[in-house]
Structures are given as C-alpha cells and as structure tokens.
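Numbering of residues begins at 1 and proceeds along the displayed sequence. All values derive from a computational prediction rather than experimental measurement.
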Amino acid sequence: MVVFTVQSNSYTYLSKHRGCSLHTMLWVLMVCMVFSSLVRSSDVSQIVDSGRLPGDTEPRSYVLRIEPNLETENASFTGRVDITIKVKTTTSVITLNSKDLMLHEIKLKDENTGRNIRVISWSYAREQEQVMISVDGHVLGNRIYTIRILFEGILRDDGTGFFKSAYETYSDGKKWITATQFLATKARSAFPCYDEPNFKTPFNISMKVKYEEMALSNMPAYSTVYIDEKLKNDSIKYYGKKWVHFAQTPRMSTCSVAFFSGEFELFRKTGQKINVYSHLGHLYQIEYVTNEALGLLEAMENYTGIPYAMPELNLLAVPVLGLEQVDSWGLTTYREKTLFVDHKSNSKAIVSAKMAVGHAVASQWFGNLVTPTRWDFAWMNKGLATYLQYIITATVEPEWRLEHFFIIDEQRSAMDYDLNQTQPLTTPGIMPADMDYNLADTFFKQKAAAVMRMLNDWVGEETFKKAINAYLTRNQHTATKPEQLWNAFDNTLFDQTKSGLNGNSVHTVMNTWTEKIGYPVVNVQKKDKSLVLTQQRFSSGFTNSNDMTKWFIRLSYTTNKEKHFDAKSAPNVWLDPSVKETIISIDNDVEWYIFNIQSTGFYRVNYTEENWLSLIKQLNDSPKDIHVLNRAQLIDDSFSLAKAGLLNYKIPMSIANYLKKEDDIIPWFSAMKNFDYVINRMKRCRNAFVDVKAFFFNLAYDALKIINDLVTKQKSPQHPIVIGWNALSTWVCKLEEDACSYGTMAEYFRRWENDEEISAEVKDSAFCVGIRKTYYLEKLNTFLHLYNTTKSYSERGSVINALSCAGTNQLMTYLALIMENKCPIEPIDYEDFFNALSSTSNGIVAMNYFLGKYFTDLVNNVKDGQNIAKSMFSKLVSKVSMENEIENMMQMAFKSNTPVEYRNKLVSMYQNEIEYYKKWYDNGTPETIWEYINPLAKGLPLDPSDERSITTQSPIKDDSSASSSLHK
C-alpha cells in the first residue's frame, strides 16, 4: 500500500512557481506516491484496501467547470468541481476517486450553517486510484456539505479519459479536438469524483473553449458567455474564448458524463432529436446515419414503451477513440471509421454503421437510463443493449437478416471463447484495471446478449417486451442488480401465465447462466422409443474433468417426421440441474432428430453416430428441409465437438461435404471459421496439408459458383448476400493464391490499375490479387498511397485486408517499422491489420517472426507495446502449428524479460490454445482428417521426412465462373 500525503497549503508552492511545468508537477507527485509511505489512521487503511469507495459519504450533485488548453506544447486542462455530498456516517476522512490529477486546492463547506471546514491534508492511494481528504474534526452524519476542488491534468492521447485528437485540413493544417471516454473508471482521470456506477446524481457542466470552437455535452447548452483573455507573455494581444454552460442533466453516473470541444459541424439541422457531427470535408460521410438514426430511436421507443429521456442525442465521429464507440447519455462518440459511409463503402460498412447507431440508441436505455450498481453486473446493460441493437435495426431493415447474423457474429463467437473461460458473467472487479478489462471484453457482451436472446425464446416475445418495459419503468434513473431485472420477468410471467419457467423463478433459472462458468453440451441418445438427455459442461475431452456444473435448459426439438423448425411452437423439454437424466418418448420409426431449433439456446448438442449419419444423409439429399440456422449449427457444433475430442472428425468432415450445394451464406460463415482452424493446425502435417487444403478449397469453389449466380441474377443484390459473397470469395482467394489470379478478380484489379472505378464489394479480393502480383516494396506503395489518401474508410479497410496477401518478407519489413513508430499502417488500425495478417499463412509467419525477434523490446520500450504484443499473441495462439512457431510462443509466454503480471496473461492464452492443440495433434486427429479426405493415405506419414509418394488432389480450378461479375 503506497500513500502520498499533501498538506492543505502545499499546493501554494507549486501554484506560485508556474515555471514548473504540469508534467514536472505530476512527475513529482508520482515519485512521492511511489517512494513515500506515510503513517495513516486505521480507518483510512481500510478504505484504500477495499478497492472501492467506503460508502460513508455519497454525492448529491456536481457543478463541473472544465477548460482544455491546447496552446501549450504539453496539452493540459484545468478545472473546478463542486460536489455536494451527504454524509451517511460521521467521519474525519472523505474519500473520492482521483487518478493522474494534480489537486491544487480543496475547500469544504457545511451547507447547513454556511461554515467552512478546514481541510488538514489529502492523501493519495495510487493503486486504488483514490484521494482521502482529512478534515479538522469530523463531518457529521445526515448532513450536507460541498467540496470544492481545483485541479489540473494532462490531456491524454490514447483515446481514453479526457483526451486530445487531431485531424488535417486542406487550408489550415492540423486542427485539434478534445473528447471523453469515461468507461468504466476513466472519469476520475478528468475530475475528482465518486467514480462508481451506483452513484447517480445531476451534473451541471460548463466548458471553456475558443470562439470558433463548438462545445457539446450530455445536455443542450442554455447559455454562452464570451470573454477576451490576454495571450500569455503578451501585454497587448488578446484571444477570444467563451464559456458554454449546459443544462442540468438527469441523475446519472460519472461514466455517462461526456464533453467535447473542436471546430466540428452539424451535417444538417433536422429539428429532430438526433444530430450528427464531424469536421468539414467529411460531412457528406455522415449523411447516411443522419438520415437513418431517427428511425432507430423511434423503434427503440416503440419496443420498450419508454420515451427517450433526454432532449437530444448527439452522435460524434472523431479520428481516435479508445473503444469503437462510447455510448454516453445524450452524446455518443464514435471512431470515424465506424460511422462514416460514402459511395465507396461496401455493404458490410453500411450495415455496420447503422448497427453502431442502433447500439448507441439501445445504450441510452440500458447503461444510462438504468445503470448497474457495480461493474460486476455490467453484462446486464451490455447484453441487453447488444441484443436490442439487433432487434431494433431489424425492425427498420427486415431484409438484412440480422437475426441470422446475430448467431454468427455474437452467439457462436461467445461460445468459442467460453470453452476455456475462467470467469462467469457476474465477475467481481477488485481493482480499477479489473473493471476496465471486464467492461471492454467483447466476450461479456456477446454471451450476455446470447443469453438474453435465449430468455426471449423461453418466455416469448410479448412477455419479454412487457418485462423490459416493467424493468425500465420501475428502475429508470437508478442503478440496479440482476435481481431487479429477473424480478421484472418473474412478475410479468406470472401475470401472463400464472407460472414461472417450468415451476422455477426466472431468477433461479437465469442465475445458472450468469453465475456459472462456461456452458453445457447436451448429449442425446436413443433407446427404443425414447431419447435420453443428459448435460455436462462443454470442455475439452482431452482432459479428465470432474466438472459437475449443470444448468436449467429448455430444449426445443423436431424430427424428420415433423420437420417443425418454428422455435416458438416446436416441442420442448426442460433439463433440471438436479436431475441426472431426462427421458422423452419418440416414435420408433424416427430417422433423425435435431435439438436447439434455430439455435436459440446457448448450448451445443451431441448425438449418437447413428443420428449424425442420418442428418448427414438429409443434408446431402435435401438440405433445405433443415432450417438454415440449424444447418449452420450442425456444422459449428460438430466441428467444435470434434475439436474438443468429443466426436470423431469423420462426422464434421462428412457434414461439410453437403456445402458444395449450399446456396445460403449463413452456414458458410460457420464453415469458414471451422475450416480455418483445421487448415492452420494441419500445416505441421506437410504431406497431408495439400489434400486438406484442396478438400476445403473445392467445397468453397463449388458453393461460390452457386452464390455468385444468385448475386448476378439480382439487379440490386441485398446487403446480406453481398456481404457473404464478399467474405467467401476473399476467403477462397486467400486460401489458394492461384485461385483468383487469372479470372474475374484479376480483371477487376486490371481495371482498377487503369484508373477505372470498380465496386466496393470486390475490392478486398481484387486488391489481394494485385498485391500477390507485387514482388517489390515499391509496387506496394500504390496501395499504401491509397490507404493514406482515400477518405473512404471502407476502401482503407480493403487495403488493410489485402495487405495480408503480400509476401512474408514484405510483411516483416512493415512490422519491423513498428519498433521505430514508422509502420505505414496507423496505430488506430493495428488491430484490423493484425486480424488481416492472421488470415493468411504469410501473415502468420511474419507476425510470429516479428514477435520472436522483438518481443521483449516491443513490450518494454515501444509506446503501447504491451497491447500491441498481446494483440498479436492472442491471434497467433490459435493459428500456429509448426514446432519452431510454438517454441517462439513458449519463449514469449514463459521466459521473456517482461513484467510478470503481463507474462501471466500470455501464459493463460498459451495453455488454453497451444497446449490444447498439442493434445489435439497427439490424439490422432490429423490422421483421421487425412484418411477421410484421402483413403489412400492410410498408414502414410504426416511429415515429409519419409519421401514415399502420396496421392493428392489438385487444389486449383479455373475461377472464371466462380468469381463474381457483379458491378462490371
């Protein structure tokens, strides 16, 4: 425990000596915090040891005045905050959150008497990010006081807290802006406060900015006061500034606070509730969301039955942001690439932009109007906002098939990650870093959203909507726990049906999904005229697990006789965690059965070999007799079960065979993900790899011809099919480099090279072809020039995606430049760049080599190096297979000269993926896969050290008919 104490008048020295820079002052503060451990009273020790505020005082309101200063070399801000507090328990110490701030003056006034209370000193607890204010005597319980604090801080440049960012203009050069990202515990780095979500109070915010700048906050401005200030060190010149005062907010948490300053413009004043802002030169790129946003807000109001609580919702597109978007109340901030849409945007960018607005809208209700009492329960607002984002966007765009893409993008992604998860949804955050990590973790929102979708299926759509309305109505402007959400469902369900969920409360049932780690696999066995159902936690079959975790599960099912794939009316049966097995009757002549209709449940299903074979026959004979979501489910479940050692790989490989006649893209999203895993892991088996690659390539090639025909026959293809076609064609081009080199994609690239405009939908594949043909770095400059000059983030993304098609040496050259902060890819795009690299063999080799060579230096010496290395490492652990690659990863995780706490995170990833892969490899899985594809390979070595000849398939076909002729 490290504490630094400041006497109440010690600020005077620093304040008077203004030659001492803020950086120096903060440096002095940090040194003192590290090397000074002063004796404190035992009650203060208990406060800081807890990691949370003690609860003996609480805020009633804030008056916050903030002034950014971008004129100096080290951009900073000053401020004053008046916090009106109620003392709940008599105390001599008032504890607030504060991080990286220099507190200059603290005053305390008793509001009952108007008397000032002397502040003796204040102490910092660095790890807990707290400041303890010691007063003369005590502050009394059940009494109101006001704390006034003058403070100063540095504007960050990483897109978190109170930060600065810049954009370039044609005429005036670089322009600066300031903005905020306070999730989850970042408000304390902008002003001293009670930075926990259960403290909801009104805020009165004022911001001082230049004449020419606009200021935005949660509420509209009600007053602007213009002032002139002298330039520093100049007795004559003045420059104009203004104080912008905003209306008082409703009661809200500190994480919902937001403010902005900069020379931004409104695209169009609509007179409606939603406004969209950006800087000049890019206003046309926010036209699309300006036109579409209001419909989403109205859809949300209609769905919840609760009107939007704020006067307006402002959407702001900024160049740099720590998260994809920050959904503060009344002011949502986005990365530009998330929100911008123009004539060069592809279908995926258009859908993503509208979905991002949908998420902002849903978060106004879940996360702002109602907030979790603790970040342990952040999954409530994250899950509901994510799920309802799909529902309300689907309401206004019914042809986008968002209910299907939810399965691919959210549910199945969460299931993949949850296999090795060590935390349930309700995860206590001990320290601030824990809360920030949990809140930012994509897994939590994905699983929570999938669980909410499952609950919707169990209670029914109308009951779900009424329960949501009841929850919001009862708890608006407050902070809640999961019990209050489940109580709303229990009461609504009782009013509708006079019963709960199979005789249990929603609270009892849903706690098994939010408080337990992982999720189940349901095993179905046929015995005579019955099906015997059991459950267990889904985990690797390569380990001896005694995990007895069980869940409440409502299983929906159908058979070949009914083929009843309506999830709302299909037969169902409940599994109770206290019951070992559940038996249901079934006709003796049933050939096959499927559980989890339309994949509404967050569980996997395993069958006997007989049933799997019957399903395979059905898929080959008439695949459309099985619902498309269940076709995708059969692919994903079978490959995942085989990956975990719970099913012979011959089953998923046999299921995959039907895909050559699949004309719907949804099953192919499941297939591409699972094929990638097998392809990457089989690279170690160099004799078998050619056959494996050819097998998957040929399936994709045949399906691509079918989907291509569907695209070309439609005059204006809908976004879902174009998104799927683009994904599949790009996957094929990356899988086999010669596949697209001589057909239609090569022709598209030739046109683009000749300055002809080509469709945004084909640029990912066409650019990949072009980069593959480029053997020199100088030639790649054409693409890098496009990356740096295009205003279209969609086109920029196509370049990033296609760079993974470059040669290994070229990619190594680019990655090495990260060490000098000269990489041609901007840091804001590193995550996308690394994702793209992980999709090709060359990219995987290049990243592995780069990390192996520079890992320690990168982590210890490069700005944001820890996050860069961790991002690359996390992508590689599920991709590498060669012994030298695995050795590289092991050295980084176990032996690198990096901080122990950082290395421990890598060790966990290594154990979850690479050690798991070793068991997968040693279990005979590669032999099974190869022998299924090529029966003549039985008995042949996987590795080419034995030079016996083997029979292989040719992976190459003429792609001229498989590639699209869309938008010629």
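- Ring planes of F595 and Y557: parallel class, angle under 30° (limits at 30 and 60°).
- Looking at D495 and K466, no side-chain N of the basic residue comes within less than 4.0 Å of a carboxylate O on the acidic one, giving no salt bridge.
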Query raised in the report: Does the pair V357 and T332 meet the rule for a side-chain contact (heavy atoms from CB on, under 4.5 Å), with working shown?
Result: CA-CA 9 Å; V357 176; T332 289; over 6 Å; no

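- Surrounding CD of Q496 are more than 12 heavy atoms belonging to other residues, nucleotides or ligands, all under 6.0 Å away.
- A donor-acceptor contact shorter than 3.5 Å is absent between the side chain of E301 and the backbone of G305.
- R631 is linked by a salt bridge (charged side-chain N to carboxylate O under 4.0 Å, His left out) to E662, counting only residues two or more places apart in sequence or in another chain.
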N/O donor to acceptor pairs below 3.5 angstrom from side-chain atoms of residues 568-577, sequence neighbours left out:
residue : atom : partner : partner atom : Å
S569    : OG   : H564    : NE2          : 3.0
S569    : OG   : D566    : OD2          : 3.4
D576    : OD1  : S578    : N            : 2.8
D576    : OD1  : S578    : OG           : 2.7

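- Partners of Y917 under the side chain to side chain donor-acceptor pair (under 3.5 Å) rule, at least two apart in sequence or in another chain, do not exist in this structure.
- Side chain of T497 to backbone of F494: no donor-acceptor contact under 3.5 angstrom is found.
- Between the side chains of E831 and S871, a donor-acceptor pair is found at a separation under 3.5 Å.
- Dense packing is recorded around CD of E461, with more than 12 heavy atoms of other residues, nucleotides or ligands lying under 6.0 Å away.
- Distance check, rounded to the nearest 0.5 Å: OG of S638 to CG of L646 gives 12.0 Å.
- Note that CE of M454 is 9.5 Å distant from CG of N596, once rounded to the nearest 0.5 Å.
- Annotation: cation-pi geometry satisfied between K465 and Y303 (NZ/CZ under 6.0 angstrom from ring centroid, within 45° of ring axis).
- With S599 as the partner, the side-chain hydrogen bond (donor to acceptor under 3.5 Å, both in side chains) test is satisfied by one option alone out of Q411, Q633, H404: Q411.
- Other residues, nucleotides and ligands place more than 12 heavy atoms under 6.0 Å from the NZ atom of K516.
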Requested in this report: Please report the C-alpha distance between D664 and K624 in whole Å, then the side-chain angles of each, then the deciding distance to 0.1 Å, and finally whether the salt bridge (charged side-chain N to carboxylate O under 4.0 Å, His left out) criterion is met.
Outcome: CA-CA 10 Å; D664 195 297; K624 290 193 176 181; over 6 Å; no

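- A cation-pi arrangement, defined by a distance under 6.0 Å to the six-membered ring centre and an angle within 45 degrees of its axis, is absent between K526 and Y593.
- Side-chain atoms of W920 and Y649 include a donor-acceptor pair closer than 3.5 Å.
- Between the side chain of T463 and the main chain of G460, no donor-acceptor pair closer than 3.5 Å is present.
- Using cut-offs of 30° and 60° for the angle between ring planes, the F464 and F489 rings count as tilted.
- Between the side chain of S253 and the backbone N or O of C255, no donor-acceptor pair lies under 3.5 Å.
- Not one N or O on the side chain of Q476 forms a donor-acceptor pair closer than 3.5 Å with the backbone of L369.
- Remark: of the listed residues W400, Y390, F669, Y390 is the sole one forming a ring pair (Phe, Tyr, Trp, His ring centres under 6.0 Å) with F406.
- In terms of heavy-atom proximity, W458 sits nearest to F552 at CH2-O, 3.5 Å.
- Under the salt bridge (charged side-chain N to carboxylate O under 4.0 Å, His left out) criterion, K529 pairs with no residue, sequence neighbours left out.
- Within 6.0 Å of atom NZ in K875, more than 12 heavy atoms from other residues, nucleotides or ligands are found, so the atom counts as buried in its surroundings.
- Of all heavy-atom pairs between I392 and G358, the closest is CD1-O, 3.7 Å.
- Q525 and N523 form no side-chain donor-acceptor contact under 3.5 Å, judged by distance and modelled atom types alone.
- Checked by atom type and distance alone, the side chain of N381 never pairs as donor or acceptor with a backbone atom of S363 at under 3.5 Å.
- With hydrogens and angles ignored, the 3.5 Å screen pairs no side-chain donor or acceptor of Y677 with any backbone N or O of S640.
- A distance below 6.0 Å separates the ring centres of W365 and Y308.
- The CD1 atom of I408 sits 4.0 Å away from atom OG of S670, with the distance rounded to the nearest 0.5 Å.
- For the 3.5 Å distance criterion, the side chains of D490 and H507 fail to qualify, holding no donor opposite an acceptor.
- Taking K354 as the reference, E292, E397 meet the salt bridge (charged side-chain N to carboxylate O under 4.0 Å, His left out) condition, with sequence neighbours excluded.
- Heavy atoms only, all atoms of each residue included: I597 and S556 are closest at N-OG, 3.0 Å.
- Partners of D418 under the salt bridge (charged side-chain N to carboxylate O under 4.0 Å, His left out) rule, at least two apart in sequence or in another chain, are K447.
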Query raised in the report: What do the steps show when you test M380 against F366 for side-chain contact (heavy atoms from CB on, under 4.5 Å), and what is the final call?
Result: CA-CA 8 Å; M380 290 195 300; F366 300 101; over 6 Å; no

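- Open room surrounds NZ on K650; 12 or fewer heavy atoms of other groups in view lie less than 6.0 Å from it.
- For K563, the NZ atom is densely surrounded, since the number of other residues' heavy atoms within 6.0 Å is greater than 12.
- In this structure, the side chain of N680 engages the main chain of D676 through a donor-acceptor pair within 3.5 Å.
- Among all heavy-atom pairs drawn from I723 and S347, the shortest one is CG1-CB, 3.7 Å.
- The distance between the ring centers of Y603 and F538 does not fall below 6.0 angstrom.
- Residues S614 and E591 bring no donor and acceptor atom of their side chains to less than 3.5 Å of each other.
- Salt bridge annotation for E913-R681: present, with a cationic side-chain nitrogen under 4.0 angstrom from a carboxylate oxygen.
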Requested in this report: Mind running side-chain contact (heavy atoms from CB on, under 4.5 Å) on R412 and I407 for me, showing each step along the way?
Outcome: CA-CA 6 Å; R412 294 288 152 166; I407 300 298; 3.9 Å; yes

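- Taking the ring centroids of W612 and Y607, they lie under the 6.0 Å cut-off.
- Under the 30°/60° scheme for interplanar angles, the aromatic rings of W731 and W668 are found to be tilted.
- Side-chain atoms of S505 and T508 include a donor-acceptor pair closer than 3.5 Å.
- Of all heavy-atom pairs between E609 and I651, the closest is CG-CD1, 4.3 Å.
- Scanning both residues, A448 and G383, for their nearest heavy atoms gives CB-CA, 3.5 Å.
- For the residue pair N487/Q484, the side-chain donor-acceptor check at 3.5 Å is not satisfied.
- Salt bridge D457/R554: present, at least one basic N to carboxylate O contact under 4.0 Å.
- Without hydrogens or angle criteria, Q535 side chain to K580 main chain gives no donor-acceptor distance under 3.5 Å.
- Neither side chain, K382 nor T386, offers a donor N or O lying under 3.5 Å from an acceptor on the other.
- In this structure a side-chain-to-backbone donor-acceptor pair under 3.5 Å is missing from W592 to N560.
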